[in-house]
Amino acid sequence: TEIYTLSLHDALPIFPNLRPGSVTVPAAIRDRAIEAASGNPRLLDWLDKIVADASVDVDGLIAAISNEADRFRESIFARKLLAAQPAGLQAMLAKVNVVELPVPAATVYAVHDHPEAASHLRRAVELGLLEEGTDPETGELRYFVSNVLRPLIRPLISDDEYRKACAAAARSLYSIWVTQEPSVDGS
């Protein structure tokens with residue numbers, strides 16, 4: 001159709017439910033639908049067809065579209081940011097990722113036995129690639145790989161490196177959480 005060559009302003013009158021001044025749909029829903037479509041003609045067409053349908057959860061659909069768009073943008077940003085980092089920092093994230101819960105710095109150093117581990121840890125936290133929080137019981141810092149990065153970083157290490165990281169993390173956490181004697185001081 002001709003909609004692909006039109007601007008959003010020119011295209012909206014084509015859609016009876018989304019056009020300016022439409023009385024079939026409340027203005028707030030119309031505005032949210034247009035924003036969620038982000039100028040995508042096919043999505044505008046679909047939304048125009050369903051926004052006035054009382055049997056459809058329009059709010060739920062618009063929210064789902066918006067959430068997906070946010071996730072997609074976040075994923076692209078994370079991929080580009082990750083790719084711009086040194087291989088050692090990327091490997092650290094992939095190795096820390098084997099533990100799917102916040103871990104102490106000693107465990108990060110145990111799984112990422114690298115001369116620049118401390119700078120990799122600091123840089124990853126600064127960039128938001130590694131989340132840092134405080135353990136409410138001990139007051140100590142804990143580190144966690146962002147869920148956005150999980151699918152991007154697993155392929156960065158081999159299966160053998162993954163197994164070794166799992167073993168190092170298990171030894172470190174056992175030492176810290178069970179025997180209360182950190183195996184690596186992290187300095």
Side-chain angles (χ1 to χ4, degrees), residues 1-87 89-103 108 120-137 139 141-157 162:
T1 66
E2 288 299 310
I3 192 165
Y4 293 101
T5 61
L6 300 174
S7 71
L8 182 59
H9 179 268
D10 294 333
L12 281 179
I14 295 171
F15 303 110
N17 294 314
L18 295 179
R19 72 174 172 238
S22 173
V23 294
T24 58
V25 176
I29 290 180
R30 178 178 103 34
D31 293 345
R32 285 182 54 225
I34 291 168
E35 185 178 329
S38 296
N40 180 320
R42 180 169 295 141
L43 202 46
L44 280 167
D45 186 40
W46 282 337
L47 286 167
D48 182 67
K49 290 175 182 172
I50 62 110
V51 290
D53 188 332
S55 68
V56 175
D57 178 11
V58 175
D59 283 328
L61 283 171
I62 292 172
I65 291 167
S66 297
N67 290 341
E68 271 309 305
D70 289 345
R71 239 179 308 215
F72 181 68
R73 283 189 287 269
E74 192 175 67
S75 176
I76 290 171
F77 178 78
R79 187 177 302 120
K80 293 286 188 186
L81 183 60
L82 183 64
Q85 302 314 306
L89 189 148
Q90 291 181 32
M92 178 198 68
L93 291 169
K95 291 172 183 177
V96 173
N97 184 50
V98 304
V99 183
E100 295 186 14
L101 46 107
V103 296
V108 173
H120 289 162
L121 175 67
R122 278 191 308 280
R123 185 66 177 153
V125 169
E126 288 170 3
L127 295 172
L129 294 169
L130 192 63
E131 297 177 19
E132 180 183 71
T134 304
D135 185 312
E137 291 182 22
L141 292 176
R142 297 287 186 255
Y143 301 92
F144 182 75
V145 175
S146 170
N147 288 331
V148 174
L149 294 178
R150 289 187 184 281
L152 304 174
I153 58 177
R154 174 54 184 101
L156 298 177
I157 58 174
Y162 183 86

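What you see is a predicted model, and the numbers here were worked out from it, not measured in a lab. Heavy atoms only: backbone and side chains are in, while hydrogens, waters and symmetry mates are out.
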Could you report the tightest heavy-atom contact between [X] and [Y], atom names first, then the distance?
| X | Y | result |
| --- | --- | --- |
| A37 | L43 | CA-CD2, 3.7 Å |
| I65 | L47 | CD1-CD2, 3.9 Å |
| A124 | L89 | N-CD1, 4.0 Å |
| L18 | L44 | CD1-O, 3.5 Å |
| L127 | L81 | O-CD2, 3.7 Å |
| V145 | R150 | O-NH2, 3.7 Å |

Residues which pass side-chain hydrogen bond (donor to acceptor under 3.5 Å, both in side chains) with E126, listed by chain and number, not counting sequence neighbours: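 side-chain hydrogen bond (donor to acceptor under 3.5 Å, both in side chains) check on E126 returns R123.
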Give, for atom [atom1] of [X] and atom [atom2] of [Y], the distance between the pair rounded to the nearest 0.5 Å.
| X | Y | atom1 | atom2 | result |
| --- | --- | --- | --- | --- |
| I29 | D59 | CD1 | CG | 5.0 Å |
| L152 | Q90 | CG | CD | 10.0 Å |
| R32 | I62 | CZ | CD1 | 5.0 Å |
| D48 | T24 | CG | OG1 | 7.5 Å |
| Q85 | H120 | CD | NE2 | 9.5 Å |

A side-chain contact here means heavy atoms from C-beta on lying under 4.5 Å apart; do [X] and [Y] qualify?
| X | Y | value |
| --- | --- | --- |
| L93 | L156 | no |
| I153 | L129 | no |
| L61 | D57 | no |
| L130 | M92 | yes |
| V51 | R30 | no |

Residues forming a side-chain contact (heavy atoms from CB on, under 4.5 Å) with P102, sequence neighbours excluded: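 R142, F144.
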